[in-house]
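Notes for the one structure printed next.
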Amino acid sequence: MAKKLVEAITSMEEDFAQWYTDVVKKAELMDYSSVKGCMIFKPDGYALWENIQSELDKRFKETGVRNVYMPMFIPESLLQLEKDHVEGFAPEVAWVTKGGLNDLQEKLCVRPTSETLFCDYYKNAVESYRDLPQVLNQWCSVVRWEKETRPFLRSREFLWQEGHTAHATAQEAEERTQQMLNVYADFCEDYLAMPVIRGKKTEKEKFAGAEATYTIEALMHDGKALQSGTSHNFGDGFAKAFGIQYTDKENKLQYVHQTSWGMTTRLIGAVIMVHGDDSGLVLPPKLAPTQVMIIPVMQKKEGVLEKAAWLKDVLSNYRVKVDDSDKSPGWKFSECEMRGIPVRVEIGPKDIEAGCAVIVRRDTREKIQVSLDEINEKVGQVLENMQREMLERAREHRDAHTSVADTYEEFKEAVANKPGFIKAMWCEDEACEIKIKEETTATARCMPFAQEQLSKQCVCCSRPAKKMVYWGKAY
RNA sequence: CGGGGUUUAGCUAAGUUUGGUAUAGCGCUACUUUCGGGAAGUAGAGGCCGUGGGUUCAAAUCCCGCAACUCCGACCA
């Protein structure tokens with residue numbers, strides 16, 4: 001691990017929560033606003049979201065998704081149609097009760113999620129099997145009146161995408177649910193260099209109104225888990241509550257089967273906590289809004305700025321910038337590191353004379369002197385290596401922080417002393433899940449698709465085990 | 001929503017115990033010298049001391065509300 005160069009950032013070891021806040025501020029990703037729990041995305045923070053958005057959107061569209069936009073308000077009567085759903089969200093919705101100076105006839109909630117609006121739409125849009133499937137998505141913000149907020153991880157208004165689909169058969173809905181979870185998982189691993197565990201939520205942890213919830217779970221640097229994306233299969237529950245029926249080929253009325261799936265700006269928090277170090281943010285090259293920062297040294301010397309501009313041109317197939325502000329080079333180096341820019345190129349009179357430049361990799365701080373003739377190719381290699389090695393390193397960290405517990409004693413010991421995932425068998429009785437949570441604070445993160453038979457007994461009650469579960473403390 | 005902490009210039013803080021002209025460092029502006037890991041000098045600008053009440057001749061300071069931020073729980077993406 002590289003040594004700490006910037007005093008303004010608290011070290012992770014000392015205080016992880018403070019480290020996180022320091023990085024978020026120092027990397028200029030966000031500011032607090034005057035509305036409690038609502039944050040300001042600054043340009044560098046919003047640029048991360050824009051990149052996530054465009055890459056995900058591209059991947060969605062490859063699977064046939066189309067974008068729409070629904071209203072941001074939901075009439076109270078509509079929200080209440082599905083019982084589990086309204087019970088799940090009621091404690092945290094914000095209400096609009098006035099329009100101008102007058103009370104509204106029916107109060108409107110600010111959407112906490114839009115299942116009800118999509119259902120209301122599908123009720124009319126779907127008549128025949130020919131209208132199916134409906135595979136729609138929207139990019140928007142939603143509001144949940146959270147008690148405790150943290151930048152990117154939990155705010156009262158957050159940005160996300162929510163996909164909502166309707167299908168003719170249960171099987172088709174199930175396939176779409178899993179397909180989107182895989183899109184999410186591939187995106188996290190390939191684009192964010194963040195390894196995830198794919199699995200199913202327990203009954204207790206599943207989404208309000210869902211038949212099944214699938215999740216991807218990532219492990220943060222401090223050993224806490226972060227739910228990074230979810231995909232829900234609703235079966236025909238919402239269809240029955242909202243009356244969404246179609247006529248099949250045999251001219252019989254059938255209920256549709258629905259799914260929904262979402263990812264949020266919380267992913268930015270995940271990237272910070274998976275890859276960051278004591279000098280600040282570390283961005284995977286594919287995600288980084290600026291991939292290469294050129295820092296001229298002795299920039300007032302004749303020819304230096306010109307050479308830097310020339311270099312920018314040479315490297316123009318990457319997202320490249322020149323820092324020609326009149327700060328000292330040392331300042332600019334630190335600034336680059338705090339902001340997580342993957343590659344820094346130093347160019348000064350000495351380099352120009354020698355026909356080379358120094359390239360420095362953010363994650364390892366490795367410095368390489370390269371000839372200007374081959375710098376374009378070298379930078380490309382460094383970016384590629386960095387993307388790959390960041391994923392490998394995160395995977396190694398996760399594996400090193402995953403333990404196995406056969407007995408309840410081992411389990412308690414692991415929660416207390418080994419931050420990270422704990423793999424253990426479970427009988428599928430909610431009583432054990434609740435007991436574990438109350439006694440250890442660890443929750444069932446997911447039942448992974450890749451099941452292993454660790455033992456024959458439930459880690460909690462010793463009755464026959466049915467599922468292997470990843471447990472952990474979560475954000 | 002429960003428990004702690006914090007709130008004074010753009011940032012970090014001192015000053016509050018014991019009421020009496022609002023301070024410092026960094027940052028910012030201008031100029032000069034600098035420049036390979038947060039450079040220096042000179043001259044400037046910048047504050048309703050979170051907010052609303054109260055006590056007092058006098059409040060950053062004492063008293064009572066409220067709010068925001070932050071951390072730990074509970075809830076959640």
Side-chain angles (χ1 to χ4, degrees), chain A residues 2-10 15-22 24-26 31-39 88-93 112-113 141-162 184 201 205 207-208 213 215-218 225-232 260-270 279-280 295-301 304-305 323-338 344-354 356-358 360 365 367 369 437-438 441 443 473-475:
Chain A
K3 76 176 181 313
K4 188 182 155 193
L5 294 174
V6 180
E7 290 307 322
I9 297 176
T10 307
D15 183 346
F16 193 81
Q18 188 61 48
W19 168 84
Y20 177 79
T21 312
D22 286 349
V24 153
K25 294 289 292 185
K26 279 295 188 178
D31 251 329
Y32 295 103
S33 73
S34 48
V35 184
K36 179 180 164 56
C38 296
M39 56 185 273
F89 282 100
E92 52 182 9
V93 293
T113 178
S141 72
V142 290
V143 169
R144 299 180 188 178
W145 219 250
E146 300 291 347
K147 313 283 198 268
E148 164 89 25
T149 59
R150 293 198 66 194
F152 297 113
L153 299 175
R154 189 176 303 109
S155 48
R156 284 184 173 171
E157 181 190 13
F158 58 91
L159 302 174
W160 78 346
Q161 60 68 216
E162 48 178 330
Y184 287 163
K201 284 285 186 192
E205 301 279 334
F207 181 83
T213 290
T215 178
I216 49 174
E217 299 283 325
L226 189 76
Q227 177 177 310
S228 303
T230 46
S231 185
H232 316 289
S260 84
W261 21 277
M263 266 200 175
T264 78
T265 39
R266 173 181 262 193
L267 282 177
I268 296 171
S279 300
I295 299 182
V297 177
M298 302 277 286
Q299 65 186 38
K300 287 196 179 148
K301 279 263 168 76
V304 174
L305 279 179
D323 185 352
D324 57 1
S325 66
D326 59 4
K327 300 281 189 197
S328 72
W331 177 282
K332 295 177 187 176
F333 297 163
S334 298
E335 199 67 28
C336 260
E337 278 164 12
M338 288 190 290
R344 170 174 103 220
V345 177
E346 304 174 13
I347 179 128
K350 277 189 257 170
D351 304 290
I352 296 171
E353 183 122 349
C356 57
V358 176
V360 186
R365 282 213 181 70
K367 288 193 181 193
Q369 193 173 48
K437 185 176 182 186
E438 279 173 359
T441 74
T443 52
K473 295 189 189 181
Y475 273 96

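The shown structure was predicted, so the numbers you read here are calculated from the model rather than taken from an experiment. Labels below follow one simple rule: chain letters A, B, ... track the order of the sequence lines, proteins then strands, and each chain is numbered from 1.
Residue-level contact check: A:Lys350 touches the bases, meaning some heavy atom is under 4.0 Å from a base atom. Base contact: A:Glu346 has a heavy atom under 4.0 Å from a base atom. A:Gly269 comes within 4.0 angstrom of no nucleic acid atom, judged by non-hydrogen atoms across all strands. Residue A:Glu146 is in base contact, counting any heavy-atom pair closer than 4.0 Å across all strands shown. Across all strands, A:Lys147 comes closer than 4.0 Å to base atoms (heavy-atom distances). Among the protein residues, A:Lys473 comes within range of no part of the nucleic acid, since none of its heavy atoms lies under 4.0 Å from any strand. No engagement by A:Arg156 is indicated, since no non-hydrogen atom pair under 4.0 Å with the nucleic acid exists. Within the nucleic acid shown, A:Ser155 comes within 4.0 Å of at least one base atom, counting heavy atoms only. Counting any heavy atom pair closer than 4.0 Å across all strands shown, A:Thr113 reaches no nucleic acid atom. Residue A:Val142 is out of contact with every strand shown, counting any heavy-atom pair closer than 4.0 Å. Counting non-hydrogen atoms under 4.0 angstrom, A:Gly262 reaches nothing in the nucleic acid.
Between the CD atom in A:Glu157 and the SG atom in A:Cys38 there is a gap of 5.5 Å [rounded to 0.5 Å]. Separating the CD atom in A:Glu92 from the NZ atom in A:Lys147 is a distance of 8.0 Å, to the nearest 0.5 Å. Atoms OH and CE, from A:Tyr32 and A:Met39 in turn, are 9.0 Å apart once rounded to the nearest 0.5 Å. Note: A:His232 NE2 to A:Thr113 OG1 = 7.0 Å, rounded to the nearest 0.5 Å.
Side-chain atoms of A:Glu148 stay outside donor-acceptor range of the base of B:C76, with no qualifying N/O pair under 3.5 Å. Judged by distance alone, with hydrogens and angles left aside, A:Arg144 brings no side-chain donor or acceptor close enough to the base of B:C76 to form a pair under 3.5 Å.
B:U8 and B:A14 are spaced 11 Å apart, taking the P atom of each and rounding to whole Å. Of the C1' atoms belonging to B:U6 and B:A60, the separation is 15 Å, rounded to the nearest Å. Taking atom C1' in both B:U34 and B:A39, the straight-line distance is 7 Å, to the nearest Å. Comparing B:G3 with B:G44, their C1' atoms are spaced 48 Å from each other, to the whole Å. If you take atom P in B:G41 and the same atom in B:C35, they sit 16 Å apart, rounded to whole Å. B:A74 and B:U16: their C1' atoms are spaced 36 Å apart (whole Å). If you take atom C1' in B:A68 and the same atom in B:C31, they sit 41 Å apart, rounded to whole Å. One P atom belongs to B:C75, the other to B:U17, and the distance between them is 43 Å to the nearest Å.
Spacing between atom CG of A:Asp326 and atom C1' of B:U34 amounts to 11 Å, rounded to whole angstrom units. A:Gln18 has its CD atom 11 Å from the P atom of B:U12, to the nearest Å. One interatomic measurement links the two molecules: CZ of A:Arg150 to P of B:C75, which rounds to 17 Å at whole-angstrom precision. Here B:C69 presents its P atom at 4 Å from NZ of A:Lys36, a figure rounded to the nearest Å. With rounding to whole Å, A:Leu305 atom CG is found 15 Å from B:C35 atom P. Rounded to an integer number of Å, the gap from A:Lys26 NZ to B:C11 P is 12 Å. One atom, CE of A:Met298, and another, P of B:C35, lie 5 Å apart when rounded to the nearest Å.
Salt bridge A:Glu346/A:Arg344: present, at least one basic N to carboxylate O contact under 4.0 Å.
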For this session: Start with the C-alpha gap between A:Glu205 and A:Thr213, add the side-chain angles, then the distance that decides, and say whether side-chain contact (heavy atoms from CB on, under 4.5 Å) holds.
Result: CA-CA 8 Å; A:Glu205 301 279 334; A:Thr213 290; over 6 Å; no

For this session: Begin with the C-alpha distance, continue with both residues' side-chain angles, and end with the deciding distance and a verdict on side-chain contact (heavy atoms from CB on, under 4.5 Å) for A:Met263 and A:Ile216.
Result: CA-CA 10 Å; A:Met263 266 200 175; A:Ile216 49 174; 3.7 Å; yes

Exercise. Which is it for A:Tyr20 and A:Leu153 under the side-chain contact (heavy atoms from CB on, under 4.5 Å) test, yes or no, and what are the steps along the way?
Worked result: CA-CA 11 Å; A:Tyr20 177 79; A:Leu153 299 175; 3.6 Å; yes

Exercise. Yes or no on salt bridge (charged side-chain N to carboxylate O under 4.0 Å, His left out) for A:Lys26 and A:Glu337, after CA distance, side-chain angles and deciding distance?
Worked result: CA-CA 10 Å; A:Lys26 279 295 188 178; A:Glu337 278 164 12; over 6 Å; no

For this session: Check the pair A:Val297, A:Val304 against side-chain contact (heavy atoms from CB on, under 4.5 Å), reporting the backbone distance first and the verdict last.
Result: CA-CA 7 Å; A:Val297 177; A:Val304 174; 6.0 Å; no

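Comparing B:G37, B:C35, B:C71 by their closest approach to the side chain of A:Thr21 singles out B:C71. Closest to the A:Pro329 side chain, of the nucleotides B:C69, B:G37, B:G36, is B:G36. You'll find that the side chain of A:Arg154 is closest to B:C76, out of B:G37, B:G36, B:C76.
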Distances for protein N/O vs nucleotides 26-33 of chain B N/O pairs under 3.5 angstrom?
from: B:C28; atom 1: OP1; to: A:Lys327; atom 2: NZ; distance (Å): 2.8

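Within the shown strands, B:C31 is the pairing partner of B:G41 under the Watson-Crick or G-U definition, both distances less than 3.5 Å. Pair assignment for B:A67: B:U7, on the basis of Watson-Crick or G-U wobble contacts that are both within less than 3.5 Å. With a 3.5 Å ceiling on both atom-pair distances, B:A60 lacks any Watson-Crick or G-U wobble partner. Checking B:U16 for Watson-Crick or G-U wobble geometry (two distances, each under 3.5 Å) identifies no partner in any strand. Under the Watson-Crick and G-U wobble criteria, each requiring two contacts below 3.5 Å, nucleotide B:A22 is left unpaired. Across the strands present, B:A74 finds no partner; the criterion is a Watson-Crick or G-U wobble pair with both atom distances under 3.5 angstrom. Summarising the base pairing, B:U55 is matched to no nucleotide, lacking a Watson-Crick or G-U wobble pair whose two defining distances lie under 3.5 Å. Partner assigned to B:C49 is none, using Watson-Crick or G-U wobble distances below 3.5 angstrom.
Contact check, A:Lys437 against B:C75: a side-chain N or O comes under 4.0 Å of OP1 or OP2. Contact between the side-chain N/O atoms of A:Arg365 and the OP1/OP2 oxygens of B:G37 is not found at any separation under 4.0 Å.
In this structure a side-chain-to-backbone donor-acceptor pair under 3.5 Å is present from A:Tyr184 to A:Gly262.
Taking the syn range as angles within 90° of 0, the glycosidic angle of B:C48 is syn.
Nearest-nucleotide positions on RNA chain B place A:Lys332 closer to the 5' end than the other of A:Lys332 and A:Glu157. Heavy-atom distances to RNA chain B give each of A:Glu205 and A:Ser328 a nearest nucleotide, and the one nearer the 5′ end belongs to A:Ser328.
With contacts defined as side-chain heavy-atom distances shorter than 4.5 Å, the pair A:Gln161/A:Trp261 qualifies.
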